[in-house]
Amino acid sequence: MPADFPISKLLRWFRHHQRPMPWRPTASRPANPYHVLVSEAMLQQTQVATVIPYFERFIKSFPTVDALANADEQAVLTRWQGLGYYRRARHLHAAAKAVVKEHHGQVPDRAKTLLALPGVGPYTAGAVASVAYDTPEPIVDGNVARVYARFYGLHDAVDRPDTLKTLWSLAQTNVTASKSPRDFNQSVMELGALVCTPKKTTCTACPLKQACKALAEGTVDRLPVKTPKKKPTAVTHRVLAIYRQTQRGRRYLFVQRPAQGLWSRMWQFPTDETANADLAGDLGLKIAPPNPVSSFTHLTTHRTVRFNVEQARVLSGRLLPQAGVWRPLNRLVDLPLAKPQQQAAAQVAATHYCA
DNA sequence: AAGGCGGGGTC
DNA sequence: GACCCAGCCTT
């Protein structure tokens with residue numbers, strides 16, 4: 001039988017210390033389930049402070065679930081650009097279409113129904129149900145796992161299936177007992193973000209300190225246990241900025257990435273990720289010898305990518321139909337680019353001004 | 001069960 | 001550097 005979780009103390013702490021978030025319902029702002037759904041999609045593996053400006057811009061562009069459902073994918077990806085995990089944007093777009101088509105434009109209020117939406121897993125389903133509708137659905141995210149692993153003294157790896165089962169069970173028990181599911185679920189996460197942090201915890205300020213197992217046994221800095229992750233592999237990408245000269249300046253060629261894999265459906269300069277592919281020839285173009293522009297390293301979770309950027313002028317040839325678009329570098333606002341391609345574009349533009 | 005998927009904050 | 005972040009999907 002686990003120790004009693006001090007729900008009331010935690011809720012009291014939450015009322016005084018919670019950070020304002022634009023999607024959070026308050027006394028003067030009723031819950032907006034669409035806002036909650038958008039926020040939870042953005043918050044997957046992404047910190048609150050990072051999400052807030054993206055959320056504001058996204059809602060300004062797509063104020064309602066109907067607006068999002070009717071938007072085209074390029075516009076959605078453009079609003080997501082820079083946030084990462086771009087599959088989330090396409091899933092959220094598909095979820096909005098499903099809400100309009102299958103749920104009369106109302107974001108579902110039951111976790112089981114939410115779970116059927118693309119990009120909505122167990123955490124997001126519980127979060128939308130509890131935060132938007134105040135229903136007693138459990139949630140377990142990185143914060144909750146850390147708080148519970150410490151409070152209950154769970155020394156098994158928290159990403160193990162049996163430990164996860166325990167965590168969800170504890171979350172279920174606590175949220176059911178809380179009588180305020182919306183505040184309770186958010187309060188555990190907020191405690192994990194502000195007090196029960198991965199490092200430099202501030203246990204003296206913790207509303208759970210009197211009953212925390214890890215604090216009592218001195219294992220706070222060793223919990224939660226996690227299985228180690230693989231190191232990223234090093235790869236090199238060759239970026240080729242191909243331009244043609246027009247009366248109104250240079251137009252650069254951009255192509256779209258495939259729907260699967262890294263930076264799905266984002267746009268880029270033609271980029272060789274394998275060996276010495278014939279980038280221009282494959283597009284039906286003949287180019288002058290390329291000039292080096294810059295090199296930089298970009299880090300992702302699984303790769304460290306060395307980007308070598310070059311540019312070259314088109315000599316002849318006709319671009320294959322549907323292969324890409326020609327754009328001046330000062331008109332890329334509606335073309336969703338991932339971070340390294342944004343950086344490459346900025347550096348190509350800089351050399352242009354110097355030359 | 002394990003790996004892929006971004007980019008930034010923090011120490 | 002290393003670790004983490006209001007996870008999800010595919011294989």
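Reckoned from all heavy atoms, side chains included, excluding hydrogens, waters and symmetry mates. Just so it is clear: chains get the letters A, B, ... in the order the sequence lines come, proteins before strands, and each one is counted from 1.
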Looking at the side chain of [X], which of [options] is the nearest nucleotide?
X        : options              : value
A:Arg146 : C:dA2, B:dG6, C:dC5  : C:dC5
A:Thr124 : C:dG7, B:dG4, C:dA6  : C:dG7
A:Arg87  : C:dC4, B:dG6, C:dG7  : C:dG7
A:Lys339 : B:dC11, B:dG8, C:dA6 : B:dG8
A:Pro340 : B:dA1, B:dG7, B:dG6  : B:dG7

Whole-Å gap separating [atom2] ([N]) and [atom1] ([X]):
X        : N      : atom1 : atom2 : answer
A:Phe307 : B:dG6  : CZ    : P     : 12 Å
A:Tyr54  : B:dG7  : OH    : P     : 9 Å
A:Arg88  : C:dT10 : CZ    : C1'   : 18 Å

Do the non-hydrogen side-chain atoms of A:Tyr252 and A:Trp326 ever get within less than 4.5 Å of each other? no
Assign the ring pair A:Tyr148 / A:Tyr152 to parallel, tilted or perpendicular, where the plane angle (0 to 90°) is split at 30° and 60°. perpendicular
Q: Please determine if a side-chain N or O atom of A:Gln45 lies less than 4.0 Å away from the OP1 or OP2 oxygen of C:dG7.
A: yes
| Contact class for A:Ile139 vs. all strands (heavy atom < 4.0 Å): base, sugar-phosphate, or nothing? | nothing
